[in-house]
Student: 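Below you'll find the structure I mean.
Chain letters run A, B, ... following the sequence lines, proteins first, then strands; residues in each count from 1. All values derive from a computational prediction rather than experimental measurement.
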Amino acid sequence: MNQSMFTQSGEWAIISRHRVITTYLKSLKFRILLVLLLAGWLPMLIVASGILDSYRERAITVRGTDVQNQCRILSNQLISYNYLKDPSSELIGGELTQLSNLYDGRIIVIDENFKVIRDTYGLIEGKLVVSEEVIRCFQGETINQLSTKRYIEMTIPIQEADSQKILGVLLVSVSTDSIWDNLDVLSGNARIFVLICGVLVLTFAVLLSYFLDRPLNRIIHSLQEIAEGYSTEDLKVKSYTETEQISREFNKIVNQMRVLDESRQEFVSNVSHELKTPLTSMKVLADSLLAQEEVPIELYQEFMNDIAEEIERENKIITDLLSLVKMDKKAANLNIEPVDINDLLELILKRLRPIASRKNIEMVLESFRPVTAEVDAGRLTLAFTNLIENAVKYNKENGWVHVSLDADHKFFYVKVMDSGKGIPEESLDYIFERFYRVDKSHSNEIDGTGLGLAITRSAIQVHKGAIKVTSHLGEGTTFSVRIPLNYIA
Amino acid sequence: MRRSRRSRKDIRSIISAIPDNVFLLNYTLDNGQLSLSFAQPYLDMSKPYEILCRSAIVRTLCQIPEVEYVSFLVGDKPLLDSNETPIGPLNDESFVENAGNEINTYTMTTLQLYFANEKGDRLVGERVEVRYSSNMSVEKLVVEQLIKGPITKDAYPAIPPETKIVSVATKDGICYVNLDKGFLEQGYDVLEMVPVYSIVNSLTELPGISKVQILINGETNLTYQESIRFETIFERNLDMIEET
């Protein structure tokens with residue numbers, strides 16, 4: 001048997017009935033229902049049967065005790081009327097009949113010769129009783145309350161108050177039919193009561209299970225809408241603490257993804273823009289060459305130079321992009337080893353000296369102590385190179401670049417100070433972003449891709465380090481870097 | 001091995017009914033009456049032991065076809081009970097004993113019961129043998145059997161089956177049958193006289209009962225169906241019985 005259902009997107013989905021049943025059985029709704037049913041029915045049933053059982057026990061015990069009482073009184077009467085020797089007393093005879101009628105039972109009076117003096121059913125008078133219970137009773141062991149299904153049977157010795165001698169035995173059986181009839185009626189009532197309450201509990205349980213389950217359904221519904229794209233709203237199901245938490249965490253994730261998506265889009269648009277710029281310049285140069293007719297060779301050479309430079313630039317952008325992307329792979333390929341930071345910095349300064357000397361910039365490395373740290377040399381080199389190269393690039397003629405290295409027992413600190421043009425305050429928050437250039441026109445005045453600081457920050461972050469910048473326009477800029485000496489995975 | 005060990009234990013737990021120091025002096029068998037004469041030590045036995053011994057002797061010996069009764073003598077004198085009365089001749093029937101744990105046993109009896117005929121206007125008789133606990137009075141047994149219904153083919157139940165017996169008691173020849181309201185329920189398709197006299201005629205078959213009064217939960221201030229008043233003390237009505 002199949003049941004057809006639409007999913008949200010409108011597809012026909014044939015879901016078999018079997019699936020529907022198993023889906024329901026696995027649901028929280030069903031489990032809540034089961035728990036409520038159990039909590040409702042079980043106590044009821046236990047209480048009902050407990051009470052009925054205890055009634056039965058009590059009723060039988062009380063009946064037995066009553067009869068025993070009566071019989072003890074009777075046995076005293078028998079003694080005082082000397083009934084055992086002379087069973088003619090009408091009074092006693094009447095008492096016996098009355099008692100046996102009252103309890104719907106049978107009384108047999110046996111004398112010390114084991115002879116039956118009186119039987120209220122009149123069946124065994126005059127006979128000798130040799131049964132075990134009677135003999136035991138004569139020997140002092142009374143048997144009380146031997147209960148068969150419908151009767152309570154007991155033996156009661158007839159003895160004088162102050163003597164041990166047992167003069168006779170009363171053999172009594174008493175019907176318990178009335179108790180069973182009562183029990184039947186009570187059971188019937190209990191059954192009806194339990195049934196009615198059971199139905200009420202069932203209804204209540206079903207309703208409650210649906211009601212409690214609703215917030216979860218709302219979450220599922222909202223999630224479906226968000227997944228299908230119908231809704232861009234946040235998830236907001238605040239009925240339970242748990243659903244509230246789920247909503248909050250889910251919204252966080254969605255936001256992260258949105259932000260990620262936006263930054264990706266932005267990155268792609270930035271990248272394509274950056275990649276296009278050199279190409280545009282190249283096209284312009286090429287076109288202008290082609291457009292003119294008699295172009296002198298010097299012009300060709302000059303334009304070819306320019307084109308070559310643009311290609312260089314494009315190359316650099318692509319390389320930088322690649323290294324940035326590699327850096328972003330979250331430290332998957334870090335090559336950690338103990339590195340002498342002094343040597344690393346000295347090497348960088350040595351490599352940049354030619355560029356620095358072109359602008360006559362003085363480069364100083366101040367090292368307070370020897371520092372060895374567990375780092376990825378390649379990446380840190382890249383990072384510091386960018387910083388120091390920037391310090392040189394954005395510097396004035398005859399300026400200076402001051403690099404300092406210090407350490408305590410946990411971190412090592414590198415400061416790169418320059419006497420350059422500085423960074424305006426409003427840009428300070430943005431300089432580490434990709435493709436961000438303070439001079440927004442992306443002019444080629446100072447050669448750059450806008451990715452250097454992004455790469456630097458990425459490299460430092462991957463070492464679990466920190467970077468800060470302070471700057472004054474026209475005076476200079478200081479970059480402060482702090483990196484843990486021991487690599488924390 | 002285990003089986004033989006067990007049977008040996010059983011045998012050891014069965015001790016002789018007659019103790020070692022009791023001798024039979026002589027016996028006479030005369031016209032079905034067996035007289036056993038024991039030596040003096042017989043009187044030394046404790047009461048319970050003696051009665052068991054006597055019972056064992058009588059029941060064993062009465063199996064012999066020639067023996068109808070057994071009398072006991074000690075020396076020349078007959079055995080006396082505690083009232084100085086001689087204990088007369090005994091046979092199987094003189095003793096009541098039980099098998100098993102019940103103080104009272106099951107016994108068989110034959111009852112003459114009256115149920116409805118096919119048309120539902122008269123009673124038919126049914127003779128049944130019933131085994132019942134001797135705790136129950138025969139009167140109650142009769143009423144129970146009537147409610148249960150007949151076994152023979154031509155007899156039909158007269159009393160509604162949900163009827164419950166509250167009590168059945170006999171006093172001075174009148175049997176008071178106390179039933180619950182189930183007796184008044186719509187029963188079988190019979191004339192109103194039939195259920196009432198089914199009970200009355202069946203009970204008056206018992207010795208000692210000549211009249212019957214029916215009560216409903218202790219009340220007699222009611223009318224059964226159309227015209228029968230429960231205050232009436234019913235007597236046996238032979239006209240109700242169908243001619244066969």
Student: Is the number of heavy atoms from other residues, nucleotides or ligands under 6.0 Å of A:F30 CZ greater than 12?
Tutor: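 Correct, the count exceeds 12.
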
Student: Does the side chain of B:M136 come within less than 4.5 Å of A:R106's, by heavy atoms?
Tutor: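 Not in contact.
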
Student: Enter the distance from A:K115:NZ to B:S94:OG here, rounded to the nearest 0.5 Å.
Tutor: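 With rounding to 0.5 Å, NZ (A:K115) is 10.0 Å from OG (B:S94).
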
Student: Quick one: what part of B:S55 sits under 4.5 Å from any heavy atom of chain A, side chain, backbone, both or neither?
Tutor: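 Side chain only.
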
Student: For atom OH of B:Y132, is the number of surrounding heavy atoms from other residues, nucleotides or ligands below 6.0 Å larger than 12?
Tutor: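 Counting neighbours around OH of B:Y132, more than 12 heavy atoms of other residues, nucleotides or ligands fall under 6.0 Å, so yes.
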
Student: Side-chain contact test, heavy atoms from C-beta onward, threshold under 4.5 Å: evaluate it for A:Q139 versus B:P48 and give yes or no.
Tutor: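 They are in side-chain contact.
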
Student: Are more than 12 heavy atoms, taken from residues, nucleotides or ligands other than B:D76, located less than 6.0 Å from that residue's CG atom?
Tutor: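 No, CG of B:D76 has 12 or fewer neighbouring heavy atoms, counting only those of other groups under 6.0 Å.
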
Student: Grab the two heavy atoms, one from A:V130 and one from B:L52, that are nearest each other, plus how far apart they are.
Tutor: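 Between these two residues, the closest heavy atoms are O-CD2, 4.0 Å.
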
Student: Tell me if the NZ atom of A:K85 is crowded by more than 12 foreign heavy atoms within 6.0 Å.
Tutor: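 Correct, the count exceeds 12.
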
Student: Does a side-chain heavy-atom distance below 4.5 Å link B:K140 with A:D104?
Tutor: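 B:K140 vs A:D104: side chains touch.
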
Student: Is atom OH of B:Y27 surrounded by more than 12 heavy atoms (other residues, nucleotides or ligands) closer than 6.0 Å?
Tutor: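 Atom OH in B:Y27 is not packed in, count stays at 12 or less.
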
Student: Would a 4.5 Å heavy-atom cut-off, applied to side chains only, mark B:K47 and A:I135 as touching?
Tutor: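 With C-beta onward as the side chain, the pair stays apart.
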
Student: Counting only non-hydrogen atoms closer than 4.5 Å, does B:I87 touch chain A with its backbone (N, CA, C, O), its side chain (CB onward), both, or neither?
Tutor: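 B:I87 has no heavy atom closer than 4.5 Å to chain A.
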
Student: Take atom CD in A:Q98; do more than 12 heavy atoms of anything else shown fall under 6.0 Å from it?
Tutor: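 At most 12 heavy atoms, drawn from other residues, nucleotides or ligands, come within 6.0 Å of this atom.
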
Student: May I ask you to check whether over 12 heavy atoms, not counting those of A:Y81, lie within 6.0 Å of atom OH?
Tutor: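 Open: at most 12 neighbouring heavy atoms sit under 6.0 Å from OH of A:Y81.
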
Student: Please flag which part of A:S178 lies under 4.5 Å from any non-hydrogen atom of chain B: side chain, backbone, both or neither.
Tutor: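 Neither; nothing under 4.5 Å.
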
Student: Given heavy-atom pairs under 4.5 angstrom as the criterion, report whether the side chain, backbone, both or neither of B:S46 touches chain A.
Tutor: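 No part of B:S46 comes within 4.5 Å of chain A.
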
Student: In the structure I gave you, are the side-chain heavy atoms of B:I51 and A:V129 within less than 4.5 Å of one another anywhere?
Tutor: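 No, too far: nothing below the 4.5 Å cut-off.
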
Student: At what distance, to the nearest 0.5 angstrom, does CG of B:L90 lie from NZ of A:K127?
Tutor: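 Spacing of CG (B:L90) from NZ (A:K127) equals 12.0 Å.
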
Student: Do B:I165 and A:D177 make a side-chain contact, defined as non-hydrogen atoms from C-beta onward lying under 4.5 Å apart?
Tutor: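 B:I165 vs A:D177: side chains apart.
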
Student: Report the option among A:T97, A:L128, A:L102 that has the most heavy-atom pairs separated by less than 4.5 Å from atoms of chain B.
Tutor: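 Among the listed options, the one with the most contacts to chain B is A:L128.
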
Student: Which answer fits A:Y121, side chain, backbone, both or neither, if we ask what part of it has an atom under 4.5 Å from a heavy atom of chain B?
Tutor: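 Side chain of A:Y121 only, per the 4.5 Å heavy-atom cut-off to chain B.
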
